[in-house]
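Below: one structure, written as structure tokens.
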Amino acid sequence: MDIKIIFPDKKELAVKPGITAGKAISLWYNKALDSAVAAKVNGKPADLTYTLNEDTALDIIEISSDEGLSILRHSISHVMAHAVQDVFAGAKVSIGPSIEDGFYYDFEYAEKFTNDDFPKIEKRMREIIAADYPFIREEMTRQKAVKLFAGRGEDYKVELINDLPTDVSTVSIYKDGDYIDLCRGPHIPSTGKIKAFKLLSVAGAYWRGDEKNKMLQRIYGTGFADEQALNDHLNLLEEAKKRDHRRLGKELDLFQINDEAGAGLVIFHPKGMLLRYIIEDWERKEHLKRGYDMVMGPQILKIDLWKKSGHFEHYRDNMYFTEIDEQVYGIKPMNCLAHMLIYKSKIRSYRDLPLRYFELGTVHRHEKTGVLHGLLRVRQFTQDDAHILCMPEQLNSEIRAIADFVNYAMGIFGFEYEVELSTRPQNSIGTDEDWALATKALENALKDNKINYKVNEGDGAFYGPKIDFKLKDALKRKWQCATIQCDFTLPERFDLNYIGVDGEKHRPVMLHRVILGAIERFIGVLIEHYAGAFPVWLSPTQCILLTVTDKHINYAETVYEKLIADGIRCEKFFDNEKLGYKIRQAQMQKIPYMLVIGDKEMEGQTVAPRTRDGQNLGAISVQKFIALINEMCEKKK
RNA sequence: GCCGAUGUAGCUCAGCCGGCAGAGCAACUGAUUCGUAAUCAGUAGGUCGCCAGUUCGAUUCUGGCCAUCGGCUCCA
């Protein structure tokens with residue numbers, strides 16, 4: 001009796017049972033396919049050697065697909081583990097998945113791996129690839145598998161098998177040559193299919209991601225279908241390095257982080273501060289347009305207030321404290337407390353709501369040393385923070401307005417972002433009912449506004465669930481910037497109320513929200529986003545005057561006076577150097593416009609702008625140039 | 001906080017087995033007065049991250065601390 005194989009193009013094939021998926025696929029294509037890495041059997045990924053014994057819906061997984069690449073990388077991680085065990089006898093394997101841009105494998109080994117070990121490992125990997133070992137799948141009972149791995153001294157594999165749910169009776173293993181790994185699969189047919197790979201770095205990683213567990217050694221690598229794709233990726237990594245905000249921050253003289261001042265504390269230089277001022281100035285105006293009130297709280301508040309809010313209990317480890325006249329003060333890690341006191345300063349009516357308190361609030365958080373990272377993770381930062389106090393029925397429209405604000409702001413900077421809803425964490429305050437209510441409110445607002453989102457279980461703030469907006473930087477890292485948090489607890493703890501239509505007291509709801517998040521982090525992400533070449537409206541220096549020779553300095557000075565009088569951010573570069581040198585310097589500073597001033601310009605009372613992408617705009621009047629800059633600022637270009 | 005690597009001039013980096021500290025760029029001085037990505041010559045510049053120890057002698061070896069980088073964990 002033949003079985004029926006159905007392909008995605010609806011083509012059907014009648015074949016003898018026992019045919020492999022790979023053979024069936026080659027019949028479908030009428031040829032052996034080199035691009036096939038695995039098959040999809042009834043929608044599930046499987047090896048090409050998988051045998052088909054009944055009617056099946058079959059599809060091909062090609063190396064060009066994300067799924068195919070991920071299978072290839074997973075197979076490379078096996079080859080790497082194989083090589084590591086050959087080179088370093090006694091290394092124990094744990095897990096080795098494929099990840100976004102490559103793969104890793106975690107090992108336990110007495111000696112420390114370093115980058116210098118990579119050539120040895122890669123050499124052995126190439127030998128394993130040249131041997132073209134087939135990946136052979138075998139299924140066995142979990143008892144047998146435990147015995148197998150225990151016999152090989154693979155404690156981590158034994159632990160993995162023992163921790164499987166009780167209803168799992170068999171597991172699968174994969175062999176290539178004399179290497180055996182516990183693995184769900186699928187894998188590429190044989191090691192010889194691997195054409196391009198590279199080991200990248202070694203790092204510590206806790207077993208099963210838990211800091212209470214032993215630290216293993218993780219080797220990261222990447223792999224691609226061919227050398228070309230691998231090289232493209234490596235070049236991309238190089239490019240990403242060039243736009244690292246820490247490097248550009250130094251090169252463009254924007255900021256420093258200095259040991260002598262302290263780790264995680266940013267010192268803004270004139271140009272960095274100007275950039276920051278421009279962003280903050282823009283933001284203040286945008287908030288006023290949207291009905292926010294500007295407020296400002298103190299940097300330190302008495303400890304009792306932090307106890308009342310729950311911060312002392314739940315956030316103490318991240319807070320700094322100071323003592324004055326035998327009074328203990330907490331240095332604020334969040335801005336909400338003062339805003340609560342502003343609300344409480346008088347009796348509120350339902351007619352007053354919503355109240356939107358906005359503060360560019362500077363906070364301090366004691367972050368662990370190992371997590372500090374340029375501007376992206378610091379210990380003192382300024383949030384564009386607001387607390388909205390409203391009636392429960394106003395929640396939906398307020399959340400919507402914030403989401404619109406975020407969308408508008410991200411559009412100005414040209415950022416893509418993803419939305420996540422984070423629910424109640426372990427360490428939290430408030431009742432189950434309030435959490436359910438708050439979570440529902442956020443969820444409904446997202447649904448009503450047709451915003452796509454992902455749920456992040458247990459990732460909320462200690463006082464409420466939140467909607468996070470994550471934007472992507474040049475290194476494809478996601479950064480949380482905007483966030484909306486719904487809070488029933490603080491209004492309760494501070495006994496906030498308003499007089500309703502019925503003349504009775506009611507409890508308002510509070511939304512915590514930021515749009516850019518931390519200004520420092522946002523600037524870091526911006527630097528990488530623009531690779532330091534800021535648009536004209538943001539650029540700390542919008543243009544630079546370049547004289548051809550000394551005799552043009554006097555005229556150039558008059559141009560400079562006109563430009564700065566009109567608020568144009570302009571620099572002078574009148575050094576005794578050739579024009580080519582000055583252009584190169586201005587180019588490396590990524591200044592949007594270079595204004596060349598020579599005989600022609602002096603005679604015609606003009607300037608000759610050259611853009612940083614090498615375009616010459618010809619001689620134009622100073623007034624015309626000012627109008628051009630102003631127009632770009634107006635349009636946020 | 002944990003694992004590993006690193007810390008030398010303003011910046012980027014050399015410096016072997018312990019014996020007076022090196023380059024390029026930047027800075028400064030002079031010459032040159034030049035039209036769209038580097039003009040030439042000269043001068044100056046250092047607590048070799050910090051603190052101990054070993055040694056006749058430590059940038060080099062050992063220990064502790066601080067910081068940075070790559071990750072893990074945690075987060076705006």
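Within every chain, numbering begins at 1; the chains are lettered A, B, ... in the order of the sequence lines, protein sequences first and strands thereafter. Values below: every heavy atom of this structure, side chains too, minus hydrogens, waters and symmetry copies.
- The side-chain tip of A:R73 points at the ring of A:F224 from less than 6.0 angstrom away and within 45° of straight on.
- Of the two residues contacting RNA chain B, namely A:Q585 and A:H366, the nearest-nucleotide position lying further toward the 5' end is that of A:H366.
- Taking only side-chain nitrogens and oxygens, A:H512 never comes nearer than 4.0 Å to OP1 or OP2 of B:rA76.
- With B:rC34, B:rC72, B:rU73 as the choices, the nucleotide that has an atom nearest any side-chain atom of A:Y220 turns out to be B:rC72.
- Comparing the P positions of B:rC3 and B:rA76 gives an interatomic distance of 26 Å, to the nearest angstrom.
- The A:V596 side chain lies nearest to B:rU36 when the options are B:rU36, B:rG1, B:rG70.
- For A:K112 and B:rG4, the shortest distance from a side-chain N or O to OP1 or OP2 is below 4.0 Å.
- At the heavy-atom level, A:R218 lies under 4.0 Å from the strands shown only through sugar-phosphate atoms.
- At least one side-chain nitrogen or oxygen of A:K250 sits closer than 4.0 Å to the OP1 or OP2 atom of B:rU12.
- Contacts of A:N318 with the nucleic acid, taken as non-hydrogen atoms under 4.0 Å apart, are absent.
- Among the heavy atoms of the strands, none lies under 4.0 Å from A:D210.
- Considering only side-chain N and O atoms, A:R610 lies under 4.0 angstrom from the phosphate OP1 or OP2 of B:rA37.
- Here A:G370 lies in heavy-atom contact (under 4.0 Å) with a base.
- Among the protein residues, A:V514 comes within range of no part of the nucleic acid, since none of its heavy atoms lies under 4.0 Å from any strand.
- Protein atom CD1 of A:I95 is 17 Å distant from nucleotide atom P of B:rG71, rounded to whole Å.
- The strand RNA chain B forms stems, runs of 3 or more Watson-Crick or G-U wobble pairs with distances below 3.5 Å, at B:1-7 with B:66-72, B:10-13 with B:22-25, B:27-31 with B:39-43, B:49-53 with B:61-65.
- Straight-line distance between the P atoms of B:rA23 and B:rG15: roughly 15 Å, to the nearest whole Å.
- Contact check on A:R356 versus A:E398 returns a salt bridge, with a Lys/Arg side-chain nitrogen under 4.0 Å from an Asp/Glu carboxylate oxygen.
- The 5' end of RNA chain B is approached more closely, in terms of each residue's nearest nucleotide, by A:F113 than by the other of A:R365 and A:F113.
- Distance, A:H245 NE2 to B:rA76 C1': 14 Å, rounded to whole Å.
- In this structure, A:T483 does not reach the B:rA76 phosphate: none of its side-chain N or O atoms is under 4.0 Å from OP1 or OP2.
- Considering A:Y530, A:F534, A:W282, A:Y408 in turn, A:W282 is the only one that fulfils the ring-ring contact (aromatic ring centres under 6.0 Å, His included) rule with A:F413.
- The phosphate of B:rA26 (OP1 or OP2) has a side-chain N or O of A:Y581 nearer than 4.0 angstrom.
- Remark: the A:Y206 side chain and the B:rG71 base include no donor-acceptor N/O pair separated by less than 3.5 Å.
- Side-chain N/O atoms of A:E601 and base N/O atoms of B:rG35 include a donor-acceptor pair closer than 3.5 Å.
- Rounded to whole Å, atom C1' of B:rA67 lies 14 Å from atom CZ of A:R246.
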| said: Is there a salt bridge (charged side-chain N to carboxylate O under 4.0 Å, His left out) between A:E251 and A:R247? Walk through the geometry before answering. | reply: CA-CA 6 Å; A:E251 285 174 6; A:R247 178 196 181 112; 3.3 Å; yes
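- A donor-acceptor contact under 3.5 angstrom links the side-chain atoms of A:R377 to the base of B:rC74.
- Nucleic acid contact class of A:D550 (heavy atoms, under 4.0 Å, all strands): base.
- Taking atom P on both nucleotides, B:rG7 is separated from B:rU12 by 13 Å, rounded to a whole Å.
- Between A:K466 and B:rA76 there is a side-chain polar atom (N or O) within less than 4.0 angstrom of OP1 or OP2.
- In this structure, A:Q480 reaches the sugar-phosphate backbone alone: every heavy-atom distance under 4.0 Å involves primed, P, OP1 or OP2 atoms, never a base.
- Rounded to an integer number of Å, the gap from A:E577 CD to B:rU29 C1' is 13 Å.
- To the nearest whole angstrom, the two P atoms, one in B:rG57 and one in B:rG64, are 23 Å apart.
- Between B:rU36, B:rC74, B:rA38, one nucleotide has an atom nearer to the side chain of A:E367 than all others, and that is B:rC74.
- Across the protein-nucleic acid pair, A:R247 atom CZ and B:rC13 atom P stand 8 Å apart, rounded to whole Å.
- Following rounding to the nearest Å, A:F255 (CZ) and B:rU68 (P) show an atom-to-atom distance of 12 Å.
- Atom CD1 in A:I484 sits about 14 Å away from atom P in B:rA76, given to the nearest Å.
- A cation-pi arrangement is not found for A:K470 relative to A:Y417, the charged atom failing to lie both closer than 6.0 Å to the ring centre and inside a 45° cone about the ring normal.
- Residue contacts for A:V363: at a heavy-atom cut-off of 4.0 Å it reaches no nucleic acid atom on any strand shown.
- In this structure, A:L216 places its CG atom 21 Å from P of B:rG70, rounding to the nearest Å.
- Rounded to whole Å, the separation between the C1' atoms of B:rA9 and B:rC48 comes to 10 Å.
- A cation-pi arrangement is not found for A:R612 relative to A:Y593, the charged atom failing to lie both closer than 6.0 Å to the ring centre and inside a 45° cone about the ring normal.
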| query | Yes or no on side chain to side chain donor-acceptor pair (under 3.5 Å) for A:T222 and A:D101, after CA distance, side-chain angles and deciding distance? | reply | CA-CA 6 Å; A:T222 191; A:D101 283 316; over 6 Å; no
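- In this model, no donor atom of one side chain and acceptor atom of the other lie less than 3.5 Å apart for A:T606 and A:K600.
- Backbone-only engagement by A:G209 is indicated by non-hydrogen atom pairs under 4.0 Å involving sugar-phosphate atoms exclusively.
- Defined by atom type and a distance below 3.5 Å, a donor-acceptor pair is present between the side-chain atoms of A:E154 and A:Q85.
- Heavy atoms of A:F381 sit under 4.0 angstrom from at least one base atom.
- The shortest side-chain heavy-atom distance between A:V93 and A:F107 falls under the 4.5 Å cut-off.
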